[in-house]
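Read through the structure below, which is laid out as structure tokens, and then see the notes.
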Amino acid sequence: MNSRNTILKKLRATQTPFTDVAPIEQRRNMVPLAETTPDALTQRFIAEAEKIGCRVYAAEDAAAAFERVFALLNGDKQISAWDDAFLPMPEFSETLKTAGIEITASDNGQVRLGITGIDAGLASTGSLIFSSGHGKYRTVSLLPTVYVAIMTTNQIVADFETWVALQKERGLDQFRQSSNTVIISGPSKTADIAQELILGAHGPKEVHIILLP
Amino acid sequence: MEIQSNNFVSLSAIAIRNSEMQKAVSKGTRNGYDKRLAAMFAYGEEHGEAMRQQAAEAKRRALRQLPELLEMAEANMQANGIHVLWALDADEANRQVMDIIKRHEVKRVAKGKSMATEEIGLNHVLETNGIDVVETDLGEYIIQLNHEPPSHIVAPVIHKTKEEIRDIFIEKLNMPPTDDAAEMVAFARKKLRDIFLSADLGVSGGNFIIAETGTLCLVENEANGRMCTTMPRVHVAVVGIEKMVENFEDYATLTQVLPRSSTGQHMTVYTSMINGPKRPGDADGPEHVYVILLDNGRSDIYATKYAEALACIRCGACQNACPVYRSTGGHAYGWVYGGPIGAVLTPLFVGLDKAKPLPQASSLCGSCKQVCPVDIDLPRMLLDLRHDTIQQGLGDTLWNLGIKSWAWGNSSPRLFEMGGMAARLGQGVIGQNLPAPLGEWTKFRDFPSFAPKSFRQLWRERQKAQAQS
Ligand code: SF4
């Protein structure tokens with residue numbers, strides 16, 4: 001008999017454990033949010049993101065957002081970024097190219113700055129969540145030392161539980177079509193050396209969030 | 001890994017004399033303990049406790065349906081494009097990894113933090129086969145350099161001070177001398193970045209598998225986990241069969257309770273949900289993803305009164321809370337898992353005869369159960385293991401003799417009284433330090449003085465006095 005069947009058979013041969021555990025009547029969300037108006041969620045998202053070490057910039061319009069991007073570029077001539085279709089700014093790549101900046105989809109880690117859009121922001125914990133796919137490169141939020149997420153306020157949902165419920169509404173097939181979905185909560189970090197918190201362990205040292213209306 | 005658990009007493013005696021380790025472990029565990037408290041109860045005690053019970057129920061409900069969920073997860077993972085393998089024991093799992101390595105002509109392996117691969121001794125097998133394997137979690141990297149096993153589930157190098165880590169980097173990697181932790185991290189980052197970019201295979205563990213979607217889930221802070229599961233051509237995850245979660249909602253609870261309990265974070269920096277290899281048209285991500293479902297004794301535990309131990313989500317909170325672990329650190333436990341959960345899991349995995357002292361390594365204060373995010377009754381299991389020790393005839397001969405004579409001495413009031421008189425007399429002669437072999441017990445404590453008169457004596461005198469008045 002192969003190991004699969006041996007294991008399953010063994011598990012089934014015994015009396016089922018935990019038959020007496022009472023079901024939870026009303027499932028709770030991890031973070032109880034008092035206010036869930038769009039404004040309250042935006043405020044909460046900003047506050048939580050800042051708490052975990054992100055820099056959040058509210059930009060009134062695309063022009064202000066571009067200004068912020070150029071400031072963060074700090075003279076760099078090369079960045080990595082997602083495809084335009086997944087960034088909430090018009091003619092993103094065109095604008096950068098015109099300014100003489102080269103965009104690489106994915107790189108071997110030489111580029112300092114990476115820019116992505118997101119699928120959703122979680123107000124409860126200030127987290128960013130997105131799936132991988134064509135034009136939504138995984139390395140952009142991973143290899144550079146400075147990571148910039150550009151998003152709009154209407155992408156903010158209350159919490160992870162709400163996001164999960166939305167996936168279920170849309171049908172889980174869509175979620176499963178992406179090979180990878182990640183929730184990012186702040187810059188990469190380690191406390192392995194005597195509990196001293198150090199940012200930028202293996203991933204980005206800085207996380208900037210540009211928030212468009 | 002060689003099992004040293006029967007040497008717990010001597011290993012812990014060495015550990016408590018190691019002042020550097022004492023300093024490091026006491027700082028680390030207290031820090032973890034306080035952070036958990038703040039995060040778990042950030043929204044009030046009642047809410048935190050309710051979430052703990054919600055997590056506990058989710059894990060137990062999943063274990064109740066374990067065979068069905070394993071089949072469901074397998075089918076869904078396969079539909080997602082993941083190769084699913086089943087391993088009955090460590091040897092089989094290691095062989096499967098070696099097969100994958102040969103099939104894909106792998107030369108270098110980048111490894112993410114995983115207790116399951118510690119358990120099966122994967123690194124040793126890979127190294128023996130001439131494969132270059134590098135631990136990439138910073139803590140794991142440090143102890144790999146120093147040829148040590150991890151001493152804590154989530155903070156593997158909790159037992160070392162900054163100065164000791166500095167010396168390891170200088171000695172093994174010629175790091176330019178520095179006392180700045182940030183510079184040490186930057187140094188390791190550079191070294192390991194080269195590994196991520198050149199590895200052909202990434203190995204990870206798995207915190208949860210969502211059965212209804214066939215999703216492998218990982219939590220981490222450093223991004224080395226994302227690296228290992230994104231950069232190399234092939235990704236293999238070794239995951240215990242008990243990691244099944246029934247549905248997406250349960251996962252939402254568990255993946256938020258876990259970081260709160262373990263590091264006091266509300267979310268880990270990276271919470272990854274992996275649904276298979278890169279899709280057609282994707283520019284990055286591995287071409288092949290394998291999940292090895294590891295039994296290695298779990299199906300045996302499933303059939304016993306210790307099934308609860310399979311609910312463990314490896315948060316390390318019980319280690320931080322345990323007064324014994326806080327003094328001895330993790331290495332004294334002599335195998336992969338230390339602390340209260342290790343004192344339960346080790347005898348179950350390797351056999352009680354090879355880990356006899358561990359169930360005794362507890363004051364049964366109950367802190368471990370109190371902090372456990374899935375409410376595992378660790379003290380109950382430690383007591384049951386002690387019971388099993390005697391039942392299986394594994395108790396110390398002297399101890400057995402002592403218990404037998406104690407039982408005999410208590411079997412009649414007459415014998416009991418004689419025993420008391422003898423003890424009182426005896427103490428008058430030998431004082432507060434008992435003679436060998438009982439002297440072991442009084443080496444570090446005084447034997448309490450007996451009351452001058454026994455209860456029975458007092459009672460009799462009182463009766464007499466009352467009768468007279
Ligand atoms: S037994 Fe509980 S507290 Fe200990 S590591 Fe497991 S889940 Fe955490």
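The chains referred to below are lettered A, B, ... by the order of the sequence lines, with proteins before strands, and numbering in each begins at 1. Every value quoted in this text rests on a predicted model; they were computed, and no experiment measured them.
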* Apply side-chain hydrogen bond (donor to acceptor under 3.5 Å, both in side chains) to the pair A:Thr152 and A:Asn154, showing each step before the final yes or no. => CA-CA 5 Å; A:Thr152 56; A:Asn154 63 11; 2.6 Å; yes
* Using non-hydrogen atoms and a 4.5 Å limit, figure out which bit of B:Asp194 sits close to chain A: side chain, backbone, both or neither. => neither
* **Under-4.0 Å salt bridge between A:Glu35 and A:Arg44** => no
* Against chain B, work out which of A:Lys168, A:Gln15, A:His202, A:Glu196 has the most heavy-atom pairs shorter than 4.5 Å and name it. => A:His202
* Only one of A:Asp83, A:Asp84, A:Asp119 forms a salt bridge (charged side-chain N to carboxylate O under 4.0 Å, His left out) with A:Lys136, so which one is it? -> A:Asp119
* To do: List the steps and the verdict of salt bridge (Lys or Arg N to Asp or Glu O under 4.0 Å) for A:Lys51 and A:Glu48.
  => CA-CA 5 Å; A:Lys51 251 190 244 170; A:Glu48 293 293 331; 3.1 Å; yes
* How close do B:Ser272 and B:Tyr251 get, heavy atom to heavy atom, and via which atoms? -> O-OH, 4.3 Å
* Among B:Lys190, B:Lys23, B:Glu68, single out the residue with the greatest number of heavy-atom pairs under 4.5 Å to chain A. => B:Glu68
* Structure fact -> Ranked by heavy-atom pairs below 4.5 Å to chain B, first place among A:Leu197, A:Val207, A:Thr14, A:Ile183 goes to A:Ile183
* **Max heavy-atom pair count under 4.5 Å with chain A, selected residue of B:Gly214, B:Gly281, B:Ala186** => B:Gly281
* Asked: Contact part of B:Leu310 toward chain A, heavy-atom cut-off under 4.5 Å: side chain, backbone, both or neither?
  -> neither
* **Result of checking A:Leu87, A:Leu212, A:Thr116, A:Leu128 against A:Met151 for side chain to side chain contact (heavy atoms under 4.5 Å, CB included)** => A:Leu128
* Heavy-atom proximity to chain B below 4.5 Å, by part of A:Ile129 -> side chain
* Asked: By number, which residues in residues 184-192 of chain A have some heavy atom less than 4.5 Å away from chain B?
  -> A:Ile184, A:Ser185, A:Gly186, A:Pro187, A:Ser188, A:Lys189, A:Thr190, A:Asp192
* Structure fact -> When the 4.5 angstrom heavy-atom criterion is applied to A:Lys9 and chain B, the contacting part is neither
* Structural part of B:Thr263 lying under 4.5 Å from a heavy atom of chain A -> neither
* **Interchain contact, B:Ile165 with chain A, by part (heavy-atom threshold 4.5 Å)** => side chain
* To do: State, yes or no, whether a side-chain contact exists between A:Phe92 and A:Phe86 at a heavy-atom distance under 4.5 Å.
  => no
* **Among the listed options B:Glu71, B:Gln265, B:Glu164, B:Glu220, the residue most often paired with chain A at heavy-atom distances under 4.5 Å** => B:Glu71
* To do: Could you look at B:Asp300 and say if it's the side chain, the backbone, both or neither that has a heavy atom under 4.5 Å from chain A?
  => both
* To do: Indicate the ring-plane relationship of A:Trp82 and A:Phe130, choosing parallel, tilted or perpendicular according to the 30° and 60° boundaries.
  => perpendicular
* To do: Using a strict 4.0 Å threshold on nitrogen-to-oxygen distance, state whether B:Lys162 and B:Asp179 make a salt bridge.
  => no
* Asked: With only heavy atoms counted, which part of B:Thr255 is less than 4.5 Å from chain A, the side chain, the backbone, both or neither?
  -> side chain
* Structure fact -> Comparing B:Gln54, B:Met51, B:Met267 against chain A, the one with the most heavy-atom pairs below 4.5 Å turns out to be B:Gln54
* **A:Arg176 and B:Asn76 side chains, donor-acceptor separation under 3.5 Å** => yes
* Who among A:Asp173, A:Val164, A:Leu142 has the most heavy-atom pairs with chain B under 4.5 Å? -> A:Leu142
* To do: Output yes when A:Glu161 and A:Arg27 qualify as a salt bridge under the 4.0 Å nitrogen-oxygen rule, no when they do not.
  => no
* Any chance you could measure A:Met30, atom CE, to B:Thr253, atom OG1, to the nearest 0.5 Å? => 8.5 Å
* Do you know which of A:Pro204, A:Ser179, A:Ala201 has the most heavy-atom pairs with chain B at a distance under 4.5 angstrom? -> A:Ser179
* Against chain B, label A:Val31 side chain, backbone, both or neither, depending on which of its atoms sit under 4.5 Å from a heavy atom there. => both
* Asked: Is it the backbone or the side chain of A:Leu122 that comes under 4.5 Å from a heavy atom of chain B, or both, or neither?
  -> side chain
* To do: Can you tell which part of B:Thr215 gets under 4.5 Å to a heavy atom of chain A, answering side chain, backbone, both or neither?
  => side chain
* Asked: Quick one: what part of A:Ser178 sits under 4.5 Å from any heavy atom of chain B, side chain, backbone, both or neither?
  -> backbone
* To do: Please check if any side-chain donor atom of A:Ser3 sits under 3.5 Å from a side-chain acceptor atom of A:Thr6, or the reverse.
  => no
* To do: Fit a plane to each ring of A:Phe175 and B:Phe248, take the angle between them on a 0 to 90° scale, and name the class: parallel (under 30°), tilted (30 to 60°) or perpendicular (over 60°).
  => tilted
* **Modelled atom types, side-chain donor and acceptor of A:Asp39 and A:Thr37, under 3.5 Å** => no
* CG-CG distance between B:Asn275 and A:Asn180, expressed to the nearest 0.5 angstrom -> 8.5 Å
* Asked: Given the options B:Arg260, B:Arg166, B:Glu140, B:Met184, which has more heavy-atom pairs under 4.5 Å with chain A than any of the others?
  -> B:Arg260
* Asked: Under a 4.0 Å N-O cut-off, is there an ion pair linking B:Arg60 with B:Glu308?
  -> yes
* Asked: What residue in A:His134, A:Arg138, A:Lys10, A:Gln195 has the most heavy-atom pairs under 4.5 Å with chain B?
  -> A:Arg138
* **Which portion of B:Leu138 sits near chain A, non-hydrogen atoms under 4.5 angstrom** => both
* To do: Pick whichever of B:Pro156, B:Gly139, B:Cys217 has the most heavy-atom pairs under 4.5 Å with chain A.
  => B:Gly139
* With only heavy atoms counted, which part of A:Asn29 is less than 4.5 Å from chain B, the side chain, the backbone, both or neither? -> backbone
* Assess the side chains of A:Ser124 and A:Asp159: does a donor N or O sit below 3.5 Å from an acceptor N or O? => no
* Asked: Do you know which of A:Pro32, A:Ser131, A:Gly133 has the most heavy-atom pairs with chain B at a distance under 4.5 angstrom?
  -> A:Pro32
* Using non-hydrogen atoms only, which part of A:Ser127 is less than 4.5 Å away from chain B: side chain, backbone, both, or neither? -> side chain
* Return yes if a side-chain donor-acceptor contact under 3.5 Å exists between B:Glu57 and B:Gln53, otherwise no. => no
* Asked: Given a strict heavy-atom distance threshold of 4.5 Å, which part of B:Ala87 is in contact with chain A: side chain, backbone, both, or neither?
  -> backbone
* Considering only heavy atoms, which portion of B:Glu74 lies under 4.5 Å from any heavy atom of chain A: side chain, backbone, both, or neither? -> side chain
* Against chain B, label A:Thr145 side chain, backbone, both or neither, depending on which of its atoms sit under 4.5 Å from a heavy atom there. => both
* Asked: What distance separates A:Arg12 CZ from B:Leu66 CG, expressed to the nearest 0.5 Å?
  -> 9.5 Å
* Asked: What distance separates A:Ile209 CD1 from A:Cys54 SG, expressed to the nearest 0.5 Å?
  -> 4.0 Å
* Which bit of B:Asn31 is near chain A, if near means a heavy-atom gap under 4.5 Å: side chain, backbone, both or neither? -> side chain
